[in-house]
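The structure appears below as structure tokens.
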Amino acid sequence: MASLEDLEARVTALEEQVQHTRQDAAAARVLAGTADRDVSDFKQTLNGHTRVLNAVRETQIEHGQRLDRLESRFDQLDAKVDSGFTKVNIGMEQMSRLLQQVIDKS
């Protein structure tokens, strides 16, 4: 059998280990609480970023639609300008023919 002194030494060692274990557990609880708060902060930040990105997406969609409408108007205007230049060219050709006729008669 173990002597009483050996038993007391072993009990003392166990008490010290329990004390260290309690300290470690308390430190782990503090770290876990801090990690939980950090995760919560990161979630809030991520949610904020997600909302901003969604708002930017909506704005880009609106801008794309506006650009499509402007492009359509530009195409219509471009067709009108082309038509106008065609009419001017026809008029210039007619004037050239008339001037040539006047020159030829002279």
In a table with atom names and distances, give each donor-acceptor pair under 3.5 Å that connects a side chain of residues 63-85 to protein atoms at least two apart or in another chain.
none

**Message:** Between Gln100 and Asp104, do the side chains contain a donor N or O and an acceptor N or O under 3.5 Å apart?
**Reply:** yes
**Request:** List, by chain and number, the other hydrophobic cluster members for Met92, where Ile, Leu, Val, Met, Phe, Trp and Tyr join if side-chain heavy atoms come within less than 4.5 Å, directly or indirectly.
**Result:** Val88, Met95
**Prompt:** Would you find more than 12 non-hydrogen atoms of other residues, nucleotides or ligands less than 6.0 Å from Glu5 atom CD?
**Reply:** no
**Message:** So, taking the atom named CG in Asp24 and the one named CZ in Arg29, what distance separates them when rounded to the nearest 0.5 Å?
**Reply:** 10.5 Å
**Request:** To the nearest 0.5 angstrom, please state how far the CD atom of Glu15 sits from the CD atom of Gln17.
**Result:** 11.0 Å
**Prompt:** How many angstroms lie between atom CZ of Arg57 and atom OG1 of Thr59, to the nearest 0.5 angstrom?
**Reply:** 11.0 Å
**Message:** I need the single residue from Leu46, Thr45, Asp41, Val39 that forms a side chain to side chain contact (heavy atoms under 4.5 Å, CB included) with Lys43. Which is it?
**Reply:** Val39
**Message:** With no hydrogens and no angle check, just 3.5 Å: does a side-chain donor-acceptor pair link Asp6 and Ser3?
**Reply:** yes
**Item:** Residues clustered with Val56, ILVMFWY side-chain links under 4.5 angstrom
**Value:** Val52
